[in-house]
Amino acid sequence: MKKGRRPNREQRQPKWSEDKKIYAGFAAALFVLVLASVSSYWTTIRVIDNANWAIHSHEIVREINDLSFRLFVAESGQRNALITGTAGNTSQYQQAMETIRRDLKQLRKLTERDLVQGRRVDQLDLLLAKRLALVKEWGSLQRAKGFDAAMDVIMRDEGKKISDDISSVVQAIEKDERDILRKRSETSEAGARTVTFVISFGYLLIFILFVVAAYMIQSDVGEKNRMEEMLRQSQREVSTLLDSLPAYVFFKDSKSVYMTANKKFSDAVGFSKREIVRKTDYDFYSRDKAIKLRGDDARVLMTGEPLYVGEETLVESGRSVTVATRKVPLKNERGSVVGLIGVGFDITEIKQGQKALRESEERFRNVFTQSPIGIQIYDLEGRLIEMNDSCMQILGVNSQEEAKKFKLFEEPLMSEETRERIENHETVRFEAQFNFADIREKVFMETNRSGNCYLDCVVSPLGEEDDGDRRRLVLMQDVTERRVAEERIRLSLKEKEVLLKEVHHRVKNNLQIISSLLNLQSKYIKDSQALEMFKESRNRIRSMTLIHEKLYRSKDLANLDVAEYIQNLSSNLFRSYNSGRVSLKTQVDDILLGIDTAIPCGLIINELVSNSLKHAFPEKQGEIFVDLHRDDGRFTLIVRDNGVGFPENVDFRNTDSLGLQLVCTLTDQLDGAIELNRTGGTEFKITFGEIKYKERA
């Protein structure tokens with residue numbers, strides 16, 4: 001999970017279980033109840049304590065008031081006794097004095113914890129003693145000197161200052177106690193209100209907590225149901241995911257008992273996914289194999305480390321499958337191993353690929369070592385990496401170290417253009433020519449060969465374009481002997497070509513001599529029919545003479561340019577027969593024919609054109625068409641005129657005409673077919689093929 005990204009609610013795991021939340025809610029309510037009880041108890045104690053202090057202050061005030069009253073009673077009784085001289089009043093005084101002493105003692109006891117009030121009580125005790133001493137002095141004076149003397153003293157009011165002081169002290173004590181009483185009363189009231197508030201707030205808070213706890217319980221129940229549904233959905237998704245994996249997956253607990261597995265594994269062991277649960281390896285495999293598998297499980301469970309358990313062969317759907325299995329420990333949140341996960345991969349194709357790769361490498365190595373062609377492998381920098389024995393034999397070296405001195409990728413062995421094509425990762429074929437003496441002198445390569453050498457080299461890249469370990473493969477073949485033989489053959493062919501041209505030249509000259517002899521002889525012939533026969537023979541010889549003349553002048557002694565030949569042949573015939581206004585039209589494709597085909601074809605054209613010139617145009621006016629073209633490897637020759645036409649009662653295949661007989665014979669020689677069309681003149685259509693030299697008998 002990325003930092004700062006808050007997981008959604010489905011991804012968050014609950015920190016507390018449902019029971020813990022319920023217990024926590026009730027514990028919080030109990031804690032609040034105890035806190036309210038403790039607070040109430042403590043506040044009540046404070047209220048009681050304040051109430052006791054208030055009672056204490058009331059007692060002090062009451063004692064002060066009683067003391068003041070007793071003092072007044074004592075003084076009144078003494079004065080009455082002085083005025084009346086009655087002993088009963090003296091007893092009242094005595095009782096008041098006893099009460100004052102008792103009240104003063106009680107007051108001292110009540111104020112013993114208050115130092116200020118204690119000092120005031122001491123001061124009051126002293127003032128009371130003085131006042132009572134003065135009263136006593138009045139009585140003694142009355143008994144000793146009489147009523148008048150005592151009244152005279154009383155009237156002087158000598159004890160007024162003491163009485164005022166006593167009143168001041170009593171008022172101070174009473175004022176402080178009343179202030180304390182007021183504060184304690186206020187504190188008691190505040191404590192009572194606090195107790196009421198704490199109890200009320202505590203019960204309200206308890207009620208709220210119970211409501212919240214009930215809501216949380218209800219929410220937790222809903223959340224639990226939702227989480228359970230999500231868990232079931234997650235289990236279904238995980239099961240679907242495991243079933244879709246192309247691997248054998250299974251889960252075991254800490255006792256090597258199967259908990260679950262995917263469909264591929266269950267199909268392999270022959271059980272359903274439900275039947276696999278709570279089973280062990282003894283239920284699926286032989287005893288020896290089960291012991292071995294459980295031993296592997298024990299190693300994983302004890303060490304807590306993944307383990308590759310090797311390869312095994314299974315039979316799945318009637319075919320043998322090689323499976324490689326890896327077992328991984330399954331740990332809980334505390335890091336304790338609670339089981340293991342096994343994953344088996346079908347590596348049948350990988351094993352087959354490895355086998356094919358080994359076989360391919362072995363074949364390549366055999367080809368590399370046993371090939372009669374020199375094989376070299378270079379890096380992209382042009383450094384030799386490896387070469388076979390044939391290459392060392394070609395270079396005449398005994399080690400690769402010596403062969404590395406042979407710089408194939410440098411001039412003059414390789415041109416700049418060839419090097420650029422190689423650097424562009426093209427497959428290039430070139431010929432390297434060099435002299436071993438020069439190589440030995442320039443690079444000091446120890447070679448046992450000498451003289452000129454011709455190498456036919458092919459350089460091709462090895463590896464893909466994005467491969468960082470690309471190489472260059474060089475195939476090297478010594479063609480020195482072949483080049484020497486080719487040179488000899490070339491010279492021999494040159495000689496034969498000169499000889500053939502001389503033969504054609506002499507044949508042409510001989511045919512011209514024959515033609516000239518026939519021409520001279522024809523001047524002495526008076527018979528027109530015999531003269532015509534001489535002319536025809538001379539034209540036939542002339543057609544063959546033209547062929548040998550064209551071959552003699554041509555650079556290609558094997559083939560004849562038919563278009564030019566037909567044009568020259570037809571022109572000669574037109575001159576020979578004094579054609580008048582008869583015109584010639586030719587349409588001939590660019591066709592080259594061998595001499596074995598050209599001579600029959602030329603004689604056929606000679607006969608058909610001659611026949612048209614002699615018989616088709618009595619008025620010496622018309623057109624002759626010659627058409628020759630190639631169609632699917634065969635040739636079509638058409639000789640047509642727009643003259644008087646071929647007689648209907650004459651069969652050109654069975655005629656006494658030597659020319660037409662010669663046409664039919666030559667057509668058969670060319671393995672052709674001839675057709676005659678008499679519509680609109682005369683048209684001969686001949687289809688034939690080219691005669692190959694090897695087909696000749």
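None of these values were measured; they are calculated from a predicted model.
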S.K.: With a 6.0 Å cut-off on the ring centroids, do Tyr258 and Phe265 count as close?
M.R.: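 Centroid distance Tyr258-Phe265: below 6.0 Å, so yes.
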
S.K.: Could you go step by step and tell me if Cys453 and Asp478 meet the side-chain contact (heavy atoms from CB on, under 4.5 Å) rule?
M.R.: CA-CA 7 Å; Cys453 181; Asp478 186 359; 3.8 Å; yes

S.K.: Do Asp379 and Arg383 meet the salt-bridge criterion of a basic N to acidic O distance under 4.0 Å?
M.R.: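 Yes, this pair counts.
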
S.K.: Would you confirm whether Asp456, through its side chain, and Gln477, through its main-chain N or O, come within 3.5 Å as a donor-acceptor pair?
M.R.: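 Answer holds: no.
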
S.K.: Using only atom types and a distance under 3.5 Å, with no angle test, would you say the side chain of Arg472 pairs donor to acceptor with the backbone of Leu380?
M.R.: yes

S.K.: Looking at Gly270, is its backbone amide N or carbonyl O close enough to the side chain of Asp267 to form a donor-acceptor pair, meaning the two atoms are under 3.5 Å apart?
M.R.: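 Side chain of Asp267 to backbone of Gly270, a donor-acceptor pair under 3.5 Å: no, none is there.
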
S.K.: Looking at Thr667 and Gly672, would you say the former's side chain and the latter's main chain have a donor-acceptor pair under 3.5 Å?
M.R.: no

S.K.: Are the side chains of Leu666 and Glu607 in contact, using a 4.5 Å heavy-atom criterion?
M.R.: no

S.K.: Donor-acceptor pair, distance only, cut-off 3.5 Å: does the side chain of Ser360 make one with the backbone of Leu357?
M.R.: no

S.K.: Quick check: does any side chain N or O of Glu386 sit under 3.5 Å from a backbone N or O of Ile377, one acting as donor and the other as acceptor?
M.R.: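 No, because the side chain of Glu386 does not come within donor-acceptor range (under 3.5 Å) of the backbone of Ile377.
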
S.K.: With a 6.0 Å cut-off (strictly less than), is the heavy-atom count around CD of Gln587, excluding the residue itself, greater than 12?
M.R.: no

S.K.: Is it true that, when you exclude Glu349 itself, more than 12 heavy atoms of the residues, nucleotides or ligands shown sit nearer than 6.0 Å to its CD?
M.R.: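 Open.
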
S.K.: So Glu361 and Arg365, do their side chains get closer than 4.5 Å, heavy atoms only?
M.R.: no

S.K.: Measure from the side-chain N and O atoms of Asn388 to the backbone N and O of Ile373, and report whether any donor-acceptor pair falls under 3.5 Å.
M.R.: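 Flag set: sc Asn388 to bb Ile373 pair under 3.5 Å.
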
S.K.: Would the number of heavy atoms belonging to other residues, nucleotides or ligands and lying under 6.0 Å from CG of Asp438 be above 12?
M.R.: yes

S.K.: Are the charged groups of Glu401 and Lys404 less than 4.0 angstrom apart, N to O?
M.R.: yes

S.K.: Less than 4.5 Å apart, any side-chain heavy atom of Asp281 and any of Lys292?
M.R.: no

S.K.: Do Lys585 and Phe625 meet the cation-pi criteria used here (NZ or CZ under 6.0 Å from the six-membered ring centre, within 45° of the axis)?
M.R.: no

S.K.: Charged N to carboxylate O under 4.0 angstrom, Glu486 versus Arg482?
M.R.: yes

S.K.: Tell me whether Lys289 at atom NZ has more than 12 heavy atoms from other residues, nucleotides or ligands lying less than 6.0 Å away.
M.R.: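 Yes, the 6.0 Å shell around NZ holds more than 12 heavy atoms from other groups.
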
